[in-house]
Participant: 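Have a look at this one before I ask anything.
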Protein chains: 2
Amino acid sequence: MTPRSPTIRMVAERAGVSLATVSNVLNGKPSVSPDYAARVMEAVEALGYVPDLAASRLRSGKAALAGVVVPDLGNPMFARFVSVLEHVAREDGFDLVVVSSRNDPAEEADRLANIRAWRPSGVIVLPCDGALAARLPAGWTAPIVVADRIPDDGRFDLVAVDNGPAAAQVTRHLAGAGCRTCLVVATSLAISNMRERWEGAQVGAGAMELALAEVGDDPASGVARLSGRLSGTGRPDALFALEQMTSLALYPLLGSLGLVVPADIAYASFDEMEWMRLVTPPLTAARQPVEAMAQAAWTRLRARMAGDAGPPATIRLACTVTLRGSTPPAASPGPALTPSGSGRHRP
Amino acid sequence: MTPRSPTIRMVAERAGVSLATVSNVLNGKPSVSPDYAARVMEAVEALGYVPDLAASRLRSGKAALAGVVVPDLGNPMFARFVSVLEHVAREDGFDLVVVSSRNDPAEEADRLANIRAWRPSGVIVLPCDGALAARLPAGWTAPIVVADRIPDDGRFDLVAVDNGPAAAQVTRHLAGAGCRTCLVVATSLAISNMRERWEGAQVGAGAMELALAEVGDDPASGVARLSGRLSGTGRPDALFALEQMTSLALYPLLGSLGLVVPADIAYASFDEMEWMRLVTPPLTAARQPVEAMAQAAWTRLRARMAGDAGPPATIRLACTVTLRGSTPPAASPGPALTPSGSGRHRP
DNA sequence: TCCATGTCGTAAAACGTTTCATTTCAGGCT
DNA sequence: AGCCTGAAATGAAACGTTTTACGACATGGA
């Protein structure tokens, strides 16, 4: 009924050679005469034969397959990560199984088990919380590289950005520009990045008074609860969104409250996205080197898969803070951050 | 040296039963006594056994694995598509191999062959051009559902949006609002969607004069060439970007040319993104139901994988045009499009 | 002539599953 | 007792590869 894909046996028969010879040709083994090789290739072409990677892996134990677990594929930041990863992995001949944990530890554990069922030669995880180690299936063997978020357990390779220093740089600028109070808005401090950013923000704040608001995993609805804190007389004169989705949800709220940026309130954001350059005024933001992070994670995983057995390494990449119209200029010229860059749209 | 994952044989030995019994327990076969089942489960837990899906597929011929080919994972629109797809597929117990063709037909062919090597039970393709059929590896057997872009060959199931009518709706509004000339900006008419949108735009234009500009696969740099056509005396009084990335690149260009929207020039876009609501003025845009498209594609594929052998089906989903501040209001009240708020479609 | 020494090919055994066909065993019927 | 039935468990054969070990056949040196 259903015609099955051609197998290596059919190729062998059509070429009039043995199974082993076909295999040797396909895997570029040295000892095979040119005419036999030609016969085999002809048969392969004619039948449209594509080797079955599952069977291949089963026998050889080697698979050009890697897994990726991200908290949320719908988030453009993680989408870019996967996009770059897919590209560099492909350049090394690797295929990718992509799963999303939807920020749920239970789902994360489930997806990890699922990925393991494919016996990939390595996995890259952006864990949804710090307890990744506790959720690994028992007999795990494949190398793991953790990216973006910081696990409690130090036994993993880690690639992340310098959340703290970058956040400090932002608050330092706000304080230097004369802001007295600043509301910092995060999804949840349960996420290690947010914690690092919050702590960094405190470091850079100096005399500026800092307050924290957590809006939860769904910022789009969570920010609504902040109206009160933003409209009263005691409202802060600066706002710092620690994450892109939060920023996206928060920004229109200001307009609806009748607040003008930056005259009434200064506004800065972590996790730069393209739209931040387009709005009026453009947003001061810290850009994460997502592409570099994906690249670095792959390089590290590649090394592990090749047998590198060194101690776990941690790589921290630098964020870039760009000052734009949404924050007032520094009172004193100060230690020269990037002055403004391009895209002022219509002040 | 490298400790391998536990196999079904180890489970069998530990539980003191046969291989077949373990398999029967794991696959929920009926005839197995409760006490044996318990013994097996205990062993599975203890060893952290996870069945090898590759071996399982090899023997049974059934795999809960599907492939997805998208033109560009970095594009938020495709990222959302994959995100939704991954979710619904997972709900049916399917894993996903995700590859990006980077808008290159040769890469697409290569990736398709690569995906086939995993023998997935189905594949969803967003082809980079119409000639998908010609690029399928010879002995292809798995069902294919095409989404978003329209293949020349009618033999595939297709899920797409109603590009033409939606584009017509936009130009009809522009014309009705008094625009006399409109520049339509696309990446390339080689892409079927763009063609449909361009043709639709012509249908809706009525007396309004239409011109077309193709900026190529990389709008970010391509739009620069449009400065001349936008600054001279003969400049159009409306601009219609047929795609989100183009819109993103085009929009800042207006500001740098000193053009005020909508006073100097009206602006509308296909492919609504969140930032379009945030800029000043907010953008009139046609929203594609990406989530519904992914959902529908999966449903169709699911049916095919289950054996549905009916003729190829085409599903067209409706876009939603939302009028916002970037286009002037309709001159006469007219046939009431959604004034601004939520999206009404209009047949 | 005859044995080392290659080179090129092949048969057959694995890899971890599922499934087929078979065995075993306990009852329930005449 | 003898016979048939069905349930519960198992042995062994596949699935499509890669790999190991070995065979055939020249070649060349003694």
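Predicted, not measured: the structure shown is a model, and the values here were computed from it.
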Participant: With a 4.0 Å heavy-atom cut-off, tell me which residues in residues 54-63 of chain A come close to DNA chain C, sorted by residue number.
Facilitator: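 Listed by number, they are A/L58, A/R59.
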Participant: Do B/S100 and A/R90 meet the criterion of a side-chain donor-acceptor pair at a distance under 3.5 Å?
Facilitator: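 Per modelled atom types, B/S100 and A/R90 side chains form no pair under 3.5 Å.
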Participant: Would you say C/dT7 has OP1 or OP2 under 4.0 Å from some side-chain N or O of A/Y36?
Facilitator: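 No, outside the criterion.
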Participant: Would you compute the distance between atom CG of A/L126 and atom CG of A/D148 and round it to the nearest 0.5 angstrom?
Facilitator: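 Going from the CG atom of A/L126 to the CG atom of A/D148 covers 5.0 Å.
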Participant: Each nucleotide in nucleotides 22-28 of chain D should get exactly one letter: B, S or -. Can you fill that in based on protein heavy atoms under 4.0 Å?
Facilitator: -------
Participant: Check B/D129, B/D152, B/D104 against B/R135 for a salt bridge (charged side-chain N to carboxylate O under 4.0 Å, His left out) and give me the one that passes.
Facilitator: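 It is B/D129, the one option of B/D129, B/D152, B/D104 that forms the salt bridge (charged side-chain N to carboxylate O under 4.0 Å, His left out) with B/R135.
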Participant: Does a side-chain N or O from B/N27 land closer than 4.0 Å to OP1 or OP2 of C/dT18, or not?
Facilitator: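 So the side chain of B/N27 is within the cut-off, an N or O lying under 4.0 Å from OP1 or OP2 of C/dT18.
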Participant: For C/dT10 and A/T21 - does any side-chain N or O of the residue sit under 4.0 Å from the phosphate oxygens OP1/OP2?
Facilitator: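 Yes, within the criterion.
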Participant: Hey, does B/S33 reach any base, or is it just sugar-phosphate, or nothing, if we go heavy atoms under 4.0 Å?
Facilitator: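 The answer is sugar-phosphate, as B/S33 gets under 4.0 Å only of primed atoms, P, OP1 or OP2.
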Participant: Counting only non-hydrogen atoms, which of residues 7-19 of chain B are less than 4.0 Å from DNA chain C?
Facilitator: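 Output list: B/T7, B/I8, B/L19.
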Participant: Between C/dT18 atom P and B/L53 atom CG, what is the distance in whole Å?
Facilitator: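 In whole Å, C/dT18 P lies 9 Å from B/L53 CG.
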Participant: Report the distance from atom CG of B/L132 to atom CG of B/L112, rounding to the nearest 0.5 Å.
Facilitator: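 Rounded to the nearest 0.5 Å, the CG-CG separation comes to 6.5 Å.
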Participant: Does C/dC8 have OP1 or OP2 under 4.0 Å away from a side-chain N or O of A/K29?
Facilitator: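 No, A/K29 has no side-chain N/O under 4.0 Å of OP1/OP2 on C/dC8.
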